[in-house]
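Positions are given from 1, in the same order as the sequence printed here. Since this is a predicted model, take the numbers as computed values, not measurements.
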Amino acid sequence: MKTVKEIYDYFHQFPNADKKSASLKEFLETIPGFSEPDSRGNGLVTMNMSMGKEYLRICEQMEDDNLLIKVKHASIIKIDPHYIAVDSVNSSNPSEFLQELNYGLYDFKYRGFSYIRNCFMDSVLPIVGKNRSTGNEDIGTCYYIGDSMFVTAAHCVKGLEWFNVLYPDNSPIELESVWYAKDQDLNDYDLAILKVNNVCECIKVFELKDPYVLDNVLTMGYPPIPGLNPILISETSAVASYVQGRQKSSVGQIVAEVGSYMSELDFFVITARVKGGNSGCPVINNEGYVVGTVFQIPFDSYGGSDGGRYDIMGYGVCLPSKYVIDIITNPDVHQLVLRDVYYIEE
């Protein structure tokens, strides 16, 4: 499928000296497989109307979002309305509009979470190693934000005696260092950045935004499944609550207070089903932006952490993406060294 940017760029050519607009059908003719000679050899052409209707749906959404202007209605075949593109200078923030277009925001909005998952499957990777407390194999999740940096929960690294980050083919990534929040309690500020070398070009970069209550979100992580290689599991849900630190408030965003979090940090709660290996996984909104990181899966009220039973409702507690930016600007850097085939903190 052509991206929204490719559709926009096609119609952005018009109007020009020769042509005032173009039809969707003309655009569709540029896509291999849309029109083919009739198999009966009668000189006629058959059109893939399912493809045409899908692109018509996208163009109508682009029209609603003021990316396209319809200048001529469709004929009886329905898939030939004429459009021109709205120039970026007509947006309230041209540079932001172009950034969103290039990132794929409109593709994510129009094509849904399945499309987002397919785009970012290689951007969310497992962290595998040996649990420092139990001595058992353990697993967590990290995700790529560009500049050779993967984000995870701090305990996904601190809790491991040794570990690797694995590509989808289970080969390890060359690691350089781990960054924590400087002068912060990592039990609270449970985020870390893994700095790596030679990242595969196939890995798409996540961009970050703030969370909002009732956003629909997608989580992508690696819950442990005994006897199997790491499996990327995806769940959709909604942001259920935004819990702010004791000395902070934000009008219109607080829907509940959770007294057990004695912290100055902001948290939010999601309803996605998350398990231990989801720690460090991204929380992605329907525009493809990471709005937070899962760092804790609550225990239920019948045994607490001593009972070892996780909340059966599956709520996840997350740190907003703004704290990732804080680590990047003020990191506590620890070098990683390779011992045999695994990495450890120096």
Side-chain angles (χ1 to χ4, degrees), residues 1-16 18-35 47-72 74 78-124 143-147 199-210 215-218 220 282 284-291 321:
M1 292 286 289
K2 295 283 189 179
T3 65
V4 169
K5 184 180 186 304
E6 290 174 307
I7 301 170
Y8 177 86
D9 287 345
Y10 178 83
F11 288 109
H12 195 254
Q13 303 172 76
F14 310 102
N16 59 35
D18 301 319
K19 195 171 171 61
K20 296 303 181 184
S21 64
S23 72
L24 174 58
K25 183 175 178 294
E26 288 174 302
F27 170 76
L28 291 167
E29 295 287 358
T30 69
I31 303 174
F34 170 69
S35 61
M47 293 182 293
N48 186 331
M49 295 302 291
S50 294
M51 180 189 295
K53 289 178 180 178
E54 175 63 15
Y55 279 102
L56 177 61
R57 180 185 67 82
I58 291 171
C59 285
E60 288 173 343
Q61 290 176 295
M62 292 175 69
E63 191 180 357
D64 289 341
D65 281 335
N66 296 314
L67 276 68
L68 297 179
I69 298 174
K70 185 187 293 180
V71 295
K72 183 179 178 182
K78 302 295 186 183
I79 60 168
D80 59 349
H82 282 239
Y83 294 103
I84 59 173
V86 178
D87 197 278
S88 60
V89 297
N90 294 314
S91 63
S92 58
N93 188 330
S95 61
E96 181 181 35
F97 166 77
L98 291 174
Q99 182 273 328
E100 292 172 344
L101 190 64
N102 288 320
Y103 181 60
L105 176 152
Y106 297 100
D107 295 281
F108 302 142
K109 279 178 62 177
Y110 303 160
R111 290 169 169 154
F113 282 128
S114 294
Y115 183 86
I116 293 173
R117 182 185 186 278
N118 289 337
C119 283
F120 289 106
M121 279 184 63
D122 294 335
S123 308
V124 182
Y143 60 92
Y144 190 55
I145 60 168
D147 295 327
V199 178
C200 176
E201 292 182 0
C202 68
I203 297 182
K204 183 175 173 64
V205 175
F206 277 114
E207 295 187 10
L208 309 177
K209 272 198 174 179
D210 293 329
D215 272 356
N216 290 320
V217 294
L218 168 73
M220 299 171 66
I284 310 159
N285 71 10
N286 68 349
E287 295 178 340
Y289 292 103
V290 172
V291 298
S321 291

Q.
I'd like to know if Arg57 pairs up with Glu54 as an ion pair, taking the criterion as any Lys NZ or Arg NE/NH1/NH2 lying under 4.0 Å from an Asp or Glu carboxylate oxygen.
A. yes
Can you list the steps and then say if Leu67 with Leu101 is a side-chain contact (heavy atoms from CB on, under 4.5 Å)?
CA-CA 10 Å; Leu67 276 68; Leu101 190 64; 4.1 Å; yes
All heavy atoms of Gly288 vs all of Phe108, minimum pair found to be CA-CD1, 3.5 Å
The reported gap from NZ in Lys20 to CZ in Phe14 (rounded to nearest 0.5 angstrom) is 12.0 Å
Donor-acceptor pairs under 3.5 angstrom involving side-chain atoms of residues 202-210: please list them, not counting sequence neighbours.
unit_1: Lys204; atom_1: NZ; unit_2: Tyr103; atom_2: O; d: 3.3
unit_1: Glu207; atom_1: OE1; unit_2: Gln99; atom_2: NE2; d: 2.2
unit_1: Glu207; atom_1: OE2; unit_2: Gln99; atom_2: NE2; d: 3.1

Distance col, row Asn90:CG vs Ile69:CD1, nearest 0.5 angstrom, shows 7.5 Å
Would you say Asp215's side chain and Val217's backbone share a donor-acceptor pair under 3.5 angstrom? no
Ring pair (Phe, Tyr, Trp, His ring centres under 6.0 Å) with Tyr8: of Tyr83, Tyr106, Phe97, only one passes, and it is Phe97
For Asn286, the side-chain hydrogen bond (donor to acceptor under 3.5 Å, both in side chains) test, sequence neighbours excluded, returns none
Heavy-atom closest pair (Met51 atom, Ile31 atom, distance to 0.1 Å) is SD-CG2, 4.0 Å
Could you walk me through whether Asn216 and Phe113 pass the side-chain contact (heavy atoms from CB on, under 4.5 Å) test, one step at a time?
CA-CA 10 Å; Asn216 290 320; Phe113 282 128; 4.1 Å; yes
NZ (Lys70) and CD1 (Ile84) are apart, to the nearest 0.5 Å, by 13.5 Å
Smallest heavy-atom separation, Val89 atom then Pro94 atom, equals CA-CG, 4.1 Å
Nearest heavy-atom contact between Asn102 and Lys5 is OD1-CE, 2.6 Å
Nearest heavy-atom approach of Ala74 to Lys78 is CB-O, 3.4 Å
Indicate yes or no: at least one non-hydrogen side-chain atom of Leu218 is less than 4.5 angstrom from one of Phe120.
-> no
| said: side-chain contact (heavy atoms from CB on, under 4.5 Å), that's the test. Do Asp80 and Lys72 meet it? Break it down for me. | reply: CA-CA 9 Å; Asp80 59 349; Lys72 183 179 178 182; over 6 Å; no
Using only atom types and a distance under 3.5 Å, with no angle test, would you say the side chain of Tyr55 pairs donor to acceptor with the backbone of Lys2?
yes
Under 3.5 Å, is there a donor on one side chain and an acceptor on the other for Ser91 and Asn93?
no
dist Ile7:CD1 -> Thr30:OG1 (nearest 0.5 Å) comes out at 9.5 Å
Item to complete: Could you give me the CA-CA distance, side-chain angles and deciding distance for Phe27 and Cys59, then say whether side-chain contact (heavy atoms from CB on, under 4.5 Å) is met?
Response: CA-CA 11 Å; Phe27 170 76; Cys59 285; over 6 Å; no
Value for CD (Glu29) from CG (Leu24), rounded to nearest 0.5 Å, stands at 10.5 Å
In short, Phe11 meets Ala22 closest at the heavy-atom pair CE2-O, 3.3 Å
Residues at least two apart in sequence or cross-chain that pass salt bridge (charged side-chain N to carboxylate O under 4.0 Å, His left out) with Asp122, listed by chain then number, are none
Per side chain to side chain contact (heavy atoms under 4.5 Å, CB included), Lys109 is matched among Glu287, Glu100, Gln61 by Glu287
Q) Counting only N and O atoms by type, is there a donor-acceptor contact under 3.5 Å from the side chain of Asp107 to the main-chain atoms of Tyr110? A) no
The reported gap from CD1 in Ile284 to CE in Met220 (rounded to nearest 0.5 angstrom) is 5.5 Å
Check whether any side-chain heavy atom of Val290 sits under 4.5 Å from a side-chain heavy atom of Ile145, and report yes or no.
no
